[in-house]
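First up is the structure itself, then whatever we jot down about it.
Residue numbers begin at 1 in each chain, while the letters A, B, ... track the order of the sequences. Atoms considered below: every heavy atom in the structure, side chains included; atoms not considered: hydrogens, waters and symmetry mates.
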Amino acid sequence: MDKKIEIVTILENKFIAKDVCEISFNYSFDVEPGQFVNLYLNSKDKLLPRPISVCRKEGDLLTLVYGVVGKGTEELSSYEKGCKIRVSTPLGQGFYLDQVERGKSAMLIGGGIGIPPLLELSYALLEKGVRVEAVLGFKEQPFLIDDFPCNVHLASDEGTVGFHGNVLDLIKAKGLNADYYFSCGPKAMLKAVAEYFPDVQLSMEERMGCGYGACLGCVCKTKEADGITRKKVCQDGPVFWGRDVVWDE
Amino acid sequence: MDKKIEIVTILENKFIAKDVCEISFNYSFDVEPGQFVNLYLNSKDKLLPRPISVCRKEGDLLTLVYGVVGKGTEELSSYEKGCKIRVSTPLGQGFYLDQVERGKSAMLIGGGIGIPPLLELSYALLEKGVRVEAVLGFKEQPFLIDDFPCNVHLASDEGTVGFHGNVLDLIKAKGLNADYYFSCGPKAMLKAVAEYFPDVQLSMEERMGCGYGACLGCVCKTKEADGITRKKVCQDGPVFWGRDVVWDE
Amino acid sequence: MDLYFGEGMLSGMNNLDMSVNIAGVKWKNPITTASGTFSVRESGAFYDLSELGALTTKGVSYEEWEGTATPRIAETYGGMLNSIGLQNKGVGPFIEEELPLLKKYDTPIIVNVVGKTIEEYCRVVERLSETDIDMLELNISCPNIKEGGISFGTEPKMAFSLVEKVRKITKKALIVKLSPNVTDITEIARSVEAAGADCLSLINTLLGMRIDVAKRKAVLANRVGGLSGPAIKPVALRMVYEVRRAVNLPIIGMGGIMTGEDAVEFLMAGADAISVGTASLIDPTAPLRIKNELREFMLEYNYKSIKEIELLEE
Amino acid sequence: MDLYFGEGMLSGMNNLDMSVNIAGVKWKNPITTASGTFSVRESGAFYDLSELGALTTKGVSYEEWEGTATPRIAETYGGMLNSIGLQNKGVGPFIEEELPLLKKYDTPIIVNVVGKTIEEYCRVVERLSETDIDMLELNISCPNIKEGGISFGTEPKMAFSLVEKVRKITKKALIVKLSPNVTDITEIARSVEAAGADCLSLINTLLGMRIDVAKRKAVLANRVGGLSGPAIKPVALRMVYEVRRAVNLPIIGMGGIMTGEDAVEFLMAGADAISVGTASLIDPTAPLRIKNELREFMLEYNYKSIKEIELLEE
Ligand SMILES: Cc1cc2nc3c(=O)[nH]c(=O)nc-3n(C[C@H](O)[C@H](O)[C@H](O)COP(=O)(O)OP(=O)(O)OC[C@H]3O[C@@H](n4cnc5c(N)ncnc54)[C@H](O)[C@@H]3O)c2cc1C
Ligand SMILES: Cc1cc2nc3c(=O)[nH]c(=O)nc-3n(C[C@H](O)[C@H](O)[C@H](O)COP(=O)(O)OP(=O)(O)OC[C@H]3O[C@@H](n4cnc5c(N)ncnc54)[C@H](O)[C@@H]3O)c2cc1C
Ligand SMILES: Cc1cc2nc3c(=O)[nH]c(=O)nc-3n(C[C@H](O)[C@H](O)[C@H](O)COP(=O)(O)O)c2cc1C
Ligand SMILES: Cc1cc2nc3c(=O)[nH]c(=O)nc-3n(C[C@H](O)[C@H](O)[C@H](O)COP(=O)(O)O)c2cc1C
Ligand code: FES
Ligand code: FES
């Protein structure tokens with residue numbers, strides 16, 4: 001009985017870019033980079049939790065960054081400071097950092113609303129003495145880039161900031177590489193990254209029911225020793241090894 | 001096109017007795033005593049309007065008094081000052097006051113949460129030069145009694161205030177009578193009152209769907225020249241003549 | 001999510017055609033009122049009814065129906081139950097009192113017809129066929145009192161006989177309204193198509209119940225009632241989708257439509273028009289609002305006509 | 001509305017008996033988990049599963065089932081759609097990996113069984129009958145691939161044959177779980193009673209659909225899915241009420257139960273026990289909370305046993 005749903009009071013909830021919000025509240029649980037929490041909405045028509053990755057944890061302060069992409073995140077963005085919401089304890093398998101060695105280098109490859117989880121990861125890697133650089137791609141307007149405690153390469157689809165093109169074009173153009181690769185972003189990007197860097201760790205997304213492993217709503221096809229299986233993104237993931245993911249759905 | 005739904009801002013919403021709340025807001029529409037408004041809740045699980053009678057209208061300030069009897073009124077009682085809610089323009093047939101004559105006398109007979117609509121009525125009658133007295137019955141704790149601008153006789157089931165017994169017992173015991181009778185309260189009380197004073201005007205209640213006359217959810221059986229019909233409480237009522245109501249449902 | 005006005009906007013909104021042709025009757029737009037949730041006088045007090053594609057009346061029987069005892073309404077999570085029992089004054093008073101009011105609006109009139117026997121349905125249809133209403137909607141969810149009270153709409157053969165008989169006595173456009181309380185709605189749809197229906201409407205309410213735990217009895221005097229509202233939308237949408245693939249008739253879709261987006265879901269599932277029911281009880285101007293939201297959707301996604309609104313991949 | 005502690009309180013809470021006997025199996029209280037919404041490891045991380053009346057597993061097939069493609073989940077107003085497609089590793093891994101975990105709790109175990117043919121159901125039941133599980137729950141909503149994919153649960157004769165065959169090969173208490181997607185659920189209930197079922201559970205999900213209007217396609221990869229959650233409660237309650245009057249078997253009621261009050265409604269409609277499904281996805285400890293709310297209700301209204309909770313007037 002190590003899991004529960006907490007009621008937290010929102011300390012801040014504000015737009016940091018067009019359709020991108022940052023929410024923070026006090027949260028006493030230990031989180032690993034790559035894990036997520038379930039946020040439950042207050043209105044009674046929308047019942048299912050919204051999974052949002054940990055963006056930053058400092059002391060007891062948890063910060064999440066989410067895109068306003070539908071009715072639920074729209075409602076979330078309307079909550080004001082002081083409003084209470086239900087939040088789960090940390091969930092899922094975060095990035096695999098056990099084998100990471102001091103002095104080696106890591107590249108974090110993020111696209112759009114996939115960037116937030118890489119922030120907490122960058123701090124964790126630096127703490128382990130790993131050299132970190134981030135390659136971040138945006139459609140247009142960038143966000144969070146100044147928060148990364150490392151060298152950041154920027155790319156944008158429209159050429160509004162940094163390199164004109166996607167993150168992989170940028171990586172190829174600059175000939176960037178590292179010992180470890182970590183990525184989060186749109187499915188098409190993750191697939192391209194996994195083809196280029198097969199030993200990348202990917203943070204995957206899938207529509208969820210429960211978000212804690214009870215319903216099998218959120219599966220991701222992966223290659224295993226004994227064939228292809230469907231693993232739970234909310235529990236076996238969200239982090240998977242790029243080389244294991246089967247991309248046909 | 002004389003009807004609409006307005007969004008109003010709550011000016012005050014407070015308990016005035018156990019499980020009884022008073023809510024007020026600015027409202028620019030003319031109301032007649034006995035009319036009601038539909039209040040729509042903000043949470044999305046409960047869709048239907050809650051009909052609440054006009055208790056008092058002074059200038060642009062509308063005051064309603066409602067009992068907290070179920071999930072909807074419970075939610076309503078939690079709304080704070082400044083909260084916005086949807087409210088209909090005034091609905092229904094109020095008390096019939098056209099024929100009321102100056103100098104005559106009226107008795108208002110109210111029970112529990114049926115008392116609020118009699119308050120606005122008392123002012124309207126006084127304005128027409130009618131002498132008014134009110135007979136008000138409570139289970140235990142009284143409310144609104146000091147707001148009535150007329151002589152008030154009190155009764156309570158438990159004998160906690162005034163006469164120990166129900167309003168009709170009190171009327172009989174004191175031999176009270178008048179030229180006009182008006183009543184609102186629990187169905188059993190209304191029935192007893194109508195049997196004793198057949199020309200009483202009653203404000204009836206029924207579970208409603210639309211509350212504005214479109215669905216036929218809220219009917220009350222009445223005697224008409226051509227037999228028994230089912231009239232809409234929300235439109236033909238809520239005020240009916242005691243002698244017309246058929247009490248078998 | 002703000003609206004994106006695409007090229008459609010540049011060439012002007014006049015380019016946008018919301019009209020539909022339903023079984024030979026032209027509607028200005030695909031929005032009508034669901035039977036039993038609309039009353040010309042009362043709804044007309046809230047907005048201009050000429051704005052709608054068509055006006056659908058509550059059920060009309062041959063003689064007066066009393067309806068059921070009260071309480072007739074119960075609230076449920078995201079929906080409601082009703083057991084009005086089709087209370088109405090009968091076709092005579094309808095023609096004399098209601099129809100003249102409906103005729104004042106520049107909008108086609110659909111009269112919903114109910115009966116307890118095939119003969120009763122036929123008599124109502126006969127009377128209405130002499131008037132200048134535009135379409136008939138047969139509510140076949142009524143119990144057939146000659147067959148032990150089984151609903152006409154749950155038995156393909158009974159539904160067929162009813163529609164076949166009615167078809168013979170009227171030239172009016174004939175909509176048949178299907179019940180969702182069946183194992184296979186496509187079976188009923190096919191049988192009423194074969195019997196000569198011009199159009200289908202679906203869904204009517206799902207049978208449901210609520211209990212008052214303090215009183216230890218059903219909330220409705222009638223115990224069970226019809227469930228409607230947003231709660232039932234996924235079932236309604238699935239049935240429209242299934243029926244679209246089973247018959248060629250135009251379909252009027254309904255069941256829990258609250259917003260323009262809901263309306264679009266039904267149009268994409270295969271409906272040619274849609275009805276707004278319970279939404280009107282919660283927001284009396286809902287049909288008009290939904291029409292406007294549908295128009296905004298068409299502008300945003302650059303649809304030029306209602307017909308273009310359909311699923312992409314099948 | 002605060003709680004009123006009646007005389008029951010004075011004589012102590014020990015007087016209150018929440019236990020039920022379902023087809024010969026004693027449950028501590030009438031609350032179980034609805035199949036597919038509970039997983040021993042994951043749910044057990046939130047609360048002590050020994051607190052429940054019984055634990056019901058997700059569907060178990062003979063060999064591994066892959067389930068359907070993603071997305072498998074769609075949210076609806078007051079409910080959700082799922083098309084998990086009964087993904088599971090098969091009865092062998094179930095017995096080896098899951099069952100030992102379930103046995104750790106002091107609570108009867110109900111295993112939900114699925115199949116695509118009668119033979120497949122029988123093979124699963126055979127394997128499970130050799131174990132020390134307490135009850136079997138046949139999910140008869142699966143499509144019968146030998147009969148063109150028609151669901152076993154929508155055809156009384158097919159349901160009868162399935163239950164009859166299974167009955168012959170097991171002595172375990174046999175629950176049959178009914179599908180609500182039928183014209184007359186009492187017909188199916190009677191036929192599985194006649195075939196030897198010990199208990200009925202209902203309802204499974206209603207078939208539903210949602211469309212993503214921006215993408216112009218169904219939200220679910222499988223297009224249609226099963227609707228569950230509070231939205232469907234009135235339909236579920238009506239079906240329990242109907243089935244209670246049609247058969248003598250104990251009934252496990254479910255469909256949208258979110259609160260103790262909802263549970264009471266089902267008990268009053270005629271259920272002997274209840275399952276909590278979708279509520280567990282929204283609040284992982286829902287079954288426990290609902291148990292506690294049911295206990296509070298019993299104290300408030302002075303019920304001494306679950307059996308006393310029934311409708312007053314019929
Ligand atoms: C493990 C995980 C971590 C995530 N972390 C973040 C994050 O840090 N920041 C961020 O902006 N977004 C994140 N997402 C995506 C986020 O959960 C969805 O954008 C959000 O749920 C959409 O909700 P909505 O109501 O606005 O959208 P709607 O489309 O209106 O939602 C309808 C339903 O679909 C579900 N849904 C829609 N899109 C997704 C999706 N991509 N993944 C899962 N469920 C979805 C919703 O939860 C809801 O049940 C994450 C998703 C997962 C699975
Ligand atoms: C014309 C009219 C005027 C009214 N005026 C007042 C007033 O001034 N003060 C006051 O306290 N109450 C008044 N009532 C009663 C009030 O509407 C109900 O107490 C209230 O709707 C209960 O809502 P609930 O959600 O708390 O109760 P619940 O029982 O949880 O409600 C469930 C459903 O039943 C309906 N309902 C329950 N009881 C009634 C009822 N008695 N009449 C109509 N619908 C009901 C609710 O609207 C809702 O749809 C009036 C009713 C009518 C018809
Ligand atoms: C109060 C009420 C009364 C209804 N009366 C009728 C009727 O007379 N005839 C009919 O065919 N359908 C009737 N219906 C069903 C609706 O027309 C509609 O099919 C159903 O409610 C589903 O749509 P909705 O969810 O938008 O309400 C009624 C529904 C309600 C809520
Ligand atoms: C995600 C999910 C998976 C389900 N899987 C199964 C299953 O494997 N076997 C089964 O008999 N029912 C299954 N069901 C149906 C539920 O057990 C239950 O009958 C239904 O959801 C109605 O109850 P509820 O509204 O409380 O969820 C599933 C339901 C959901 C939501
Ligand atoms: S969302 Fe339920 S198992 Fe992952
Ligand atoms: S509540 Fe709809 S007609 Fe009165």
Using distance alone, with no hydrogens and no angle criterion, decide if C:Thr37 and C:Ser280 have a side-chain donor and acceptor under 3.5 Å apart. no

Between B:Gly211, B:Cys218, B:Cys215, which residue shows the highest count of heavy-atom pairs closer than 4.5 Å to chain C? B:Cys215

Around B:Lys139, counting heavy atoms of other residues, nucleotides and ligands shown, do more than 12 lie under 6.0 Å from its NZ? no

Where does the angle between the aromatic ring planes of B:Trp241 and B:Tyr96 fall among parallel (under 30°), tilted (30 to 60°) and perpendicular (over 60°)? parallel

Heavy-atom pairs under 4.5 Å with chain B, option from C:Pro284, C:Pro230, C:Ser43 with the top count: C:Pro284

Between B:Glu12 and B:Ser24, is there a side-chain donor-acceptor contact under 3.5 Å, judged purely by atom types and distance? no

Is C:Asn88 in contact with chain B via its backbone, its side chain, both, or neither, using a 4.5 Å heavy-atom distance? neither

Checking C:Lys116 against C:Trp65: charged group under 6.0 Å from the ring centre and within 45 degrees of the axis? yes

Which portion of B:Tyr40 sits near chain C, non-hydrogen atoms under 4.5 angstrom: side chain

Select one option (side chain, backbone, both, neither) describing which atoms of C:Phe38 are under 4.5 Å from chain B's heavy atoms. backbone

Heavy-atom cut-off 4.5 Å, strictly under: side chain, backbone, both or neither for C:Thr68 against chain B? backbone

Answer with side chain, backbone, both or neither: which region of C:Val40 has an atom nearer than 4.5 Å to a non-hydrogen atom of chain B? neither

Side chains of C:Glu137 and C:Ser201: do they bring a donor and an acceptor to under 3.5 Å? yes

Taking every heavy-atom pair that is under 4.5 Å apart, which of C:Gly85, C:Ser83, C:Ser39, C:Ala45 has the most such pairs with chain B? C:Ala45

